[in-house]
Undergrad: 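Here it is, the structure in full.
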Amino acid sequence: MLSPAEDTEGEALRVLVASHSHPRVQNGGSEVASYSLFDRLRQRPGLRASYLGCSRTASFARAGQSITQPFERDEYLYTVGDFEWFKFANRDTAFARDFRALLRNLRPQVVHFHHYINFGMEAFAHVREVLPDAKLILTLHEFLAICHQQGQMVTRHQGQLCRRSGQVECSRCFPEFQPADFFLRETYIGHFLRHVHHFISPSRFLAERYVAWGLPAERISVIENVPAATVRPSPARRVRLPGSELRAGFFGQISLLKGMQVLLDAAAALEGERRHDISFQIHGDQTNQPAAFQAAFLSQVEKAGSNVVFHGAYANADIDALMTDVDVVLVPSIWWENSPVVIQEAFRNGVPVVCSNIGGMAEKVVPDETGLHFGVGSPRSLAGVLKALADDPDRLARLAAGAARECARLEGSVDELDAGLAATDPLGAHLRLYRDLRAPPPPRPAPRFALSREP
Amino acid sequence: MSGCVDVHGYAPSTGSWLLCGWAPASSGALPGRRHLTFRFERGVLEGEGLVAGTVRDDLGTRGRGVVAHLPSSDQSLGQLVSAEIDGEAGPVTLHATSGTVQAEGPSLIETLRAQRLSPPGTEAGLFRSILQRPAFEGRDTLDRFEDQFAFRVDEAISCGNSGLLLNGWLMTAPPGLRGMRLRSGSRSTPIDVRDGLRVARPDVVAKYGDALRSRNAGCGFVLHVPDCLEPGASSYLEVETVGGEIGFLRLVPSRLRGLGAIRNVLANLSPRYDEVQRTFDAIGPAVTLLNRDRLDAPRPSREIRFGTPPEMPLCSVIVPLYGRIDYMEVQVALLAQGGAQGRFRARHELIYVVDDPGGADAACALADSLFRRFGLPLRLLLLEENMGFAPACNVGLAAAQGGHVCFLNSDVFATEPDWLDRLLDDFSRHPSVGIVGPLLLFEDGTVQHQGMRYEALPEFSHWLFPAHPGKGSRPAPSRALSLHPAITGACMVMPRQLAHDLGGFDESFVIGDFEDSDLCLRAREAGVASAVDHGVVLYHLERKSQASAAETWRMNVTLYNAWLHQGRWAARLAAEADAPLRDRNPGPEAITPLPAAQAQRDAAWATRR
């Protein structure tokens, strides 16, 4: 049997953080967010945190065991088997057995899921059945329950922003599925979401979309992702000298939805205007994108002017160093985004963000305080914003100071919570939620809910 | 006046009894088409035959020679006693004597061919050509008539004990054919494909139309020839042209059986309006035989159990599974709600009848996974052949342990945890109700089913078809129980004893249509009503299937079922068309009490648990 760390503190609050992946398997924003939460929790006295990640690409399973401990003592990894992606049903016969055994063994009082893919919707039922007293929390990361198009709420073929899902509308995006299939998808997903005591959304925008879809508003809190507890050296920050170029950095996956075409078109426009004082520094990986996109991207970069520099992929550990070399971070996504980690990363390096004016990214960047917005999908608008910024060095400095302030708020001080102060930082808000959920329930019965939206 | 028979016998190549003898010289003219009466040891044969004269030098003026041909398929009549020819001057009888020889086959033909026919003329020519008729030697010989007609039998399907169903086409250039016989061993059955069902065969017209100067698109036929096969014998068709020539077509026994055979036979029909009745009166009895043949076959099944259902379940939910195996995942997830303490698990049992041999492995794997995920005990009954809705339900019924049974389609989903218990409660509250179902909604919240009534459709010979009032509209806010002549089999609950007493669903209905209506109407004859409980809501997904020509046969299966239903119920439903068939949507108070005995029986069902 897998063993948790020895039980040293009888009174410790036992929390299991469950994530659809693991940063050592795949390094995406939500993996990092869930792992940061776990990492910060386990450093807290009076807390016993465990982490359950998933692996789909590489197998860490051992004969007869789907959940193993390949990395650390308090970290478990489920190797995903037969998974049904339309309604997130986990058909792997080993999972139910091994997950339930893990729950019985760890006896967490709080089970905090980041995501439901790879585990399957049924995981919530397992938790409630094995641990009837445990509190179940789910952090939502994108719109997968609402939208079959990779949870992006962008139409499948035209790439247009989608504002509302529906059986008929979804079937238009996916003619291979009939409206009845989307009814079943929603019924199945909704059936299991009922087990969740409380939802966390890293952005208000995402929360609103889920409430519009049918989740009860009183059971969703907007809490930002917990940033990693990084101890950063303070590398020398770049200070833009008057008259020198404005460096706009892009960090992350290079894809259509991340707005790469908008960026390249804006660069071409500025090159045409001979604005040599603005450059675009592209950091990221395009190699997992469709071949046609890769070819188009590389050829455009090749033909671009000297104001576009493609640096290639980077390691996550290098992000802080790379960001010290840019003046603004660009987030030109043409989908809604939830709470892009790159925005937090920019703030913690005191770099303001220029982003599209929609969804979760627009919510995270306050115009004229921590950055600027431009019209989504519009290279002209992006070029205009950058020109204005290049022409106004004082404004850039003000925004940089705002970004640094926002970083301090997000990293917060859990001491405030211990002192009974209202914690506004993400970790503090998480801890408070755990405490509130575990408090003796009010006399009225817990509300049941079903997806109540008109279909 | 009487003469003598010298030689006689039966010749398969001519399909007739032949004789050679002489008649008194005084008899009037004999050659020509004549009415003949042959008396045998074991019976009499009578009918129109052909008589020709022969030159008999041995007779001098005593008499004149004759030969006669009387078509018949009956070969087992024994010795000829006498033969009467209805001549121009009255009947002439030829008697068999001790010298009469009974010959057969080639030697008989040889003997007759040796005769010198006279006078030369029509009869002699005709008689000669009859004697020239070849015998079937196991080969098709129709090719040489290709300028006169083209004829194929695509399938010769065994139908009933000794019958055949011929699916083929015949395209003739005028003047065409004289006739056809289906031969099997010693049996010979005259057939006329024009008696069969005409079927459009544009493919045939495209290929042969020009050559045969015919645009007859309806050249296809489906012909049922009952009682024509000799056990163990091979069969062939003998085709005779107007010119008296004979060709043979071997009948290769079709491998098609059961549904495959029904599918083949119904594939090319598309009758509408008044043709529908005619068509199914013609083909219906044969389909009945094909279906019976299928159902008479043993139906092996095996059961795989996942977990242990309650020993005395209140209700057995029986779900036939075909095609969309994956629906089981959502259905079980919803039924299992409440986990180990769940309502369903403690009280009811769940039986899936996998009526889909190709999907059996997938169903087993999914059931295994579902049991591990949800812990809800499952009984999986695997059929080795696709049987259709009624037989699959009946297999489930035979295995059911519950006091009640609930027949549930695999695409019906229950989102409320206590739906079944509330439907079961209806039986104790309303003893006159024998079958109850929920309000069924589509995925968009509109009505899928809230009780059945009947509607005569002009497009289909005004037969009665089930209609579903309110379908596609928003449901009325009602929680009442309403009575209907019938409700859908997509979800129906009844006491198990009632289901047994009625013999389950009638399997004469092919694949899955009308048997729910039929069951409810039979229950009504037995004194109990069918009802919809509008307070219980389930979802029924009706997938829009892609219309394709390949599905024509499926439509015709529906029409076949409608034909059966029509024959059985139309008169009774029409008689009451005014009052009771109308939709009633009363509260429970509208339910009329039953006679005491019936009420007692109901109470017994209700308390069987």
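Order of the sequence lines sets the chain letters (A, B, ...), proteins ahead of strands, with each chain counted from 1.
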Undergrad: Has B:D361 got more than 12 heavy atoms of other residues, nucleotides or ligands less than 6.0 Å from its CG?
TA: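 At most 12 heavy atoms, drawn from other residues, nucleotides or ligands, come within 6.0 Å of this atom.
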Undergrad: Under a 4.5 Å heavy-atom cut-off, does chain B meet the side chain of A:F192, its backbone, both or neither?
TA: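 The side chain, not the backbone.
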Undergrad: Highest number of heavy-atom pairs under 4.5 Å with chain B: which of A:E84, A:K87, A:R100, A:R97?
TA: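 Answer, by heavy-atom pair count under 4.5 Å with chain B: A:K87.
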Undergrad: Please assess A:T187 against B:F413 for the test side chain to side chain contact (heavy atoms under 4.5 Å, CB included), listing each intermediate value before the final yes or no.
TA: CA-CA 9 Å; A:T187 301; B:F413 301 93; 5.8 Å; no
Undergrad: Can you tell which part of A:N90 gets under 4.5 Å to a heavy atom of chain B, answering side chain, backbone, both or neither?
TA: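 Answer is backbone: N, CA, C or O of A:N90 sit under 4.5 Å from chain B.
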Undergrad: What residue in B:F442, B:F371, B:Y539 has the most heavy-atom pairs under 4.5 Å with chain A?
TA: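 Heavy-atom pairs under 4.5 Å are most numerous for B:Y539.
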Undergrad: Highest number of heavy-atom pairs under 4.5 Å with chain A: which of B:L334, B:D368, B:T415?
TA: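 Heavy-atom pair counts peak at B:L334.
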Undergrad: Would you indicate whether B:R422, at its atom CZ, is surrounded by more than 12 heavy atoms from other residues, nucleotides or ligands within a distance under 6.0 Å?
TA: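 Atom CZ in B:R422 is packed in, count exceeds 12.
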Undergrad: Looking at A:H191 and B:A333, what are the two nearest heavy atoms and their distance?
TA: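 Closest approach of A:H191 to B:A333, heavy atoms only: NE2-O, 3.2 Å.
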Undergrad: With a strict 4.5 Å heavy-atom criterion, list every residue of residues 109-124 of chain A that contacts chain B, or say none.
TA: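 Residues of residues 109-124 of chain A touching chain B at under 4.5 Å: A:E122.
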Undergrad: Decide yes or no on side chain to side chain contact (heavy atoms under 4.5 Å, CB included) for B:D444 and A:F183, but give the supporting numbers first.
TA: CA-CA 8 Å; B:D444 64 0; A:F183 165 82; over 6 Å; no
Undergrad: What part of A:R128 lies closer than 4.5 angstrom to a heavy atom of chain B: side chain, backbone, both or neither?
TA: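 No part of it gets close to chain B.
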Undergrad: Report yes if the side chains of B:E443 and A:E186 come closer than 4.5 Å at any heavy-atom pair, otherwise no.
TA: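 No, their side chains stay 4.5 Å or more apart.
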Undergrad: Can you see which heavy atom on B:E329 is nearest to which on A:A89, and at what distance?
TA: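 Scanning both residues, the minimum pair turns out to be OE2-CB, 3.3 Å.
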Undergrad: Which atoms of A:A125 are under 4.5 Å from chain B, going by heavy atoms: the side chain, the backbone, both sets, or neither?
TA: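 Neither part.
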Undergrad: State which residues pass side chain to side chain contact (heavy atoms under 4.5 Å, CB included) with B:D326; sequence neighbours excluded, sorted by chain then number.
TA: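 Checked B:D326 against side chain to side chain contact (heavy atoms under 4.5 Å, CB included); matches are A:R91, B:R324.
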Undergrad: Please evaluate residues B:R373 and A:H126 with respect to the criterion side chain to side chain contact (heavy atoms under 4.5 Å, CB included), reporting the C-alpha separation (whole Å), side-chain torsions for both, the decisive distance (0.1 Å), and the verdict.
TA: CA-CA 8 Å; B:R373 269 183 276 172; A:H126 294 318; 4.3 Å; yes
Undergrad: Who in residues 345-353 of chain B is close to chain A, using a strict under-4.5 Å heavy-atom cut-off?
TA: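 Expected list: B:R345.
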Undergrad: Give a yes or no on this: more than 12 heavy atoms of other residues, nucleotides or ligands lie within 6.0 Å of atom CZ of A:R62.
TA: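 No.
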Undergrad: Output the distance between atom CG (A:D181) and atom CG (B:L541), rounded to the nearest 0.5 Å.
TA: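 Going from the CG atom of A:D181 to the CG atom of B:L541 covers 8.0 Å.
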Undergrad: Test of understanding: with side chain to side chain contact (heavy atoms under 4.5 Å, CB included), list the residues that count as partners of B:D356, not counting sequence neighbours.
TA: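 With sequence neighbours excluded, B:D356 shows a side chain to side chain contact (heavy atoms under 4.5 Å, CB included) to B:Y322, B:I325, B:V354, given in chain and number order.
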Undergrad: What distance do A:D82 atom CG and B:L366 atom CG have between them, rounded to the nearest 0.5 Å?
TA: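 Those atoms lie 9.0 Å apart.
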